Engineer: 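Handing you this structure, nothing more for now.
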Amino acid sequence: MQGHDHTYGRGGNETNGARVKTKSGPVYVVSVSGPKMYLSGFESWMDQAAVNLQLYQVVNVNHDSVQYQAFTVTGELYDAFTLKKEKNNTHTFYDRTPAGKPIQGDLPPRYLQNMDSLEIKEYQTRFQQFKERTGRE
């Protein structure tokens, strides 16, 4: 977990940067809690992302599992997963993101005022590609 990127992203990757198809390695999370935020690059390792969204995290560690939840400042669940340790010392990843939860990726007016049309188009293209890659809206 890392909390200084001023954006939100969650996913996994191999040591060479390739995206993991099945979650058997670590899960990476970067988050933001304060009002200073940056745009997301919707990087290839990300399975979940958010722009302009303040979040806090709750992590529960048990003898055989880690449960992670990210909530908005109004208490709405935005992202969640569970890692469960199996008897053979592997772990299983369970994505608990709320069904039908849209990705928070729309830019607020204050961002749009400081971007030219090319920057806006590039951002919208990255966001659309992320939604298509993850199969989420």
Side-chain angles (χ1 to χ4, degrees):
M1 293 187 71
Q2 200 265 25
H4 189 77
D5 257 5
H6 301 279
T7 189
Y8 184 80
R10 188 255 304 156
N13 71 341
E14 305 270 341
T15 55
N16 64 2
R19 189 164 182 274
V20 173
K21 301 287 187 225
T22 58
K23 299 280 190 302
S24 61
V27 177
Y28 299 94
V29 177
V30 293
S31 190
V32 58
S33 62
K36 181 181 179 185
M37 298 181 204
Y38 301 144
L39 296 179
S40 175
F42 301 108
E43 304 298 331
S44 63
W45 65 269
M46 293 179 178
D47 296 317
Q48 176 64 297
V51 173
N52 195 44
L53 186 65
Q54 292 180 336
L55 296 162
Y56 67 92
Q57 288 75 40
V58 175
V59 179
N60 291 306
V61 179
N62 300 309
H63 72 282
D64 68 346
S65 66
V66 174
Q67 297 173 337
Y68 170 90
Q69 296 174 301
F71 294 91
T72 67
V73 294
T74 59
E76 185 179 353
L77 182 63
Y78 183 75
D79 190 23
F81 65 85
T82 299
L83 288 174
K84 183 161 178 24
K85 185 175 181 180
E86 305 298 342
K87 291 183 189 243
N88 61 1
N89 282 333
T90 63
H91 72 267
T92 303
F93 173 87
Y94 298 94
D95 191 336
R96 308 269 191 220
T97 303
K101 184 76 177 164
I103 299 167
Q104 175 63 40
D106 295 328
L107 296 176
R110 73 177 196 280
Y111 279 44
L112 294 171
Q113 293 171 358
N114 296 322
M115 297 171 72
D116 64 36
S117 60
L118 181 59
E119 290 171 318
I120 294 169
K121 184 174 176 60
E122 288 173 352
Y123 173 83
Q124 291 171 335
T125 299
R126 283 194 317 270
F127 184 38
Q128 184 60 38
Q129 289 169 341
F130 175 80
K131 291 191 295 186
E132 290 170 3
R133 179 176 53 78
T134 60
R136 299 192 46 231
E137 286 298 318

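Predicted model, so just to flag it, every value in this text is computed and none were measured. Here, residue 1 is the first one in the sequence, and each next residue gets the next number.
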Engineer: Would you check if Leu77 and Arg96 make a side-chain contact, meaning some heavy-atom pair closer than 4.5 Å?
Structural biologist: no
Engineer: Mind checking whether Lys101 and Glu76 have side chains closer than 4.5 Å, heavy atoms only?
Structural biologist: yes
Engineer: OG/Ser31 to OH/Tyr68 distance, rounded to the nearest 0.5 angstrom?
Structural biologist: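 Reported to 0.5 Å precision, the distance equals 5.0 Å.
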Engineer: For the residue pair Leu83 and Thr92, establish whether any side-chain heavy-atom pair is separated by less than 4.5 Å.
Structural biologist: no
Engineer: Just to verify, what does Tyr123 make a ring pair (Phe, Tyr, Trp, His ring centres under 6.0 Å) with, not counting sequence neighbours?
Structural biologist: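 Testing Tyr123 for ring pair (Phe, Tyr, Trp, His ring centres under 6.0 Å), a comparison that skips the adjacent residues, returns Phe42.
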Engineer: When you look at Glu132 and Gln128, which way does the side chain to side chain donor-acceptor pair (under 3.5 Å) test go after all the steps?
Structural biologist: CA-CA 6 Å; Glu132 290 170 3; Gln128 184 60 38; 3.1 Å; yes
Engineer: Do Tyr28 and Val59 sit in the same hydrophobic cluster, where Ile, Leu, Val, Met, Phe, Trp and Tyr count as joined when their side-chain heavy atoms come under 4.5 Å apart?
Structural biologist: yes
Engineer: Under 4.5 Å between any side-chain heavy atoms of Asp79 and Thr97, yes or no?
Structural biologist: yes
Engineer: Looking at CD of Gln57 and OH of Tyr78, how far apart are the two atoms once the value is rounded to the nearest 0.5 Å?
Structural biologist: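 Nearest 0.5 Å value for the CD-OH distance: 12.5 Å.
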Engineer: Kindly state each residue pair satisfying side chain to side chain donor-acceptor pair (under 3.5 Å) with at least one member in residues 111-122, sequence neighbours excluded.
Structural biologist: none
Engineer: Check step by step if side-chain contact (heavy atoms from CB on, under 4.5 Å) holds for Leu107 and Met115.
Structural biologist: CA-CA 11 Å; Leu107 296 176; Met115 297 171 72; 3.8 Å; yes
Engineer: Do Leu39 and Val51 have side chains that get closer than 4.5 Å, going by heavy atoms?
Structural biologist: yes
Engineer: Are the side chains of Asn52 and Tyr8 in contact, using a 4.5 Å heavy-atom criterion?
Structural biologist: no
Engineer: Using the rule that two of Ile, Leu, Val, Met, Phe, Trp, Tyr join whenever any of their side-chain heavy atoms come within less than 4.5 Å, decide whether Val58 and Val27 are in one cluster.
Structural biologist: no
Engineer: Test your reading of the model: is there a side-chain donor-acceptor pair from Arg133 to the backbone of Met46, 3.5 Å cut-off?
Structural biologist: yes
Engineer: Taking atom NZ of Lys85 and atom CG of Asn62, what is their separation to the nearest 0.5 Å?
Structural biologist: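 Here the interatomic distance stands at 13.0 Å.
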Engineer: Under 4.5 Å between any side-chain heavy atoms of Phe93 and Asp47, yes or no?
Structural biologist: no
Engineer: Remaining members of Val73's ILVMFWY cluster at a side-chain heavy-atom cut-off under 4.5 Å?
Structural biologist: none
Engineer: Would you compute the distance between atom CG of Leu53 and atom CG of Asp106 and round it to the nearest 0.5 angstrom?
Structural biologist: 11.5 Å
Engineer: For the atom pair CH2 (Trp45) and CZ (Arg10), what is the distance rounded to the nearest 0.5 Å?
Structural biologist: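 Here the rounded value is 9.5 Å.
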Engineer: Could you check if a side-chain atom of Gln48 sits within less than 4.5 angstrom of a side-chain atom of Asp95, using non-hydrogen atoms only?
Structural biologist: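 A side-chain contact is absent here, since even the closest heavy-atom pair is not under 4.5 Å.
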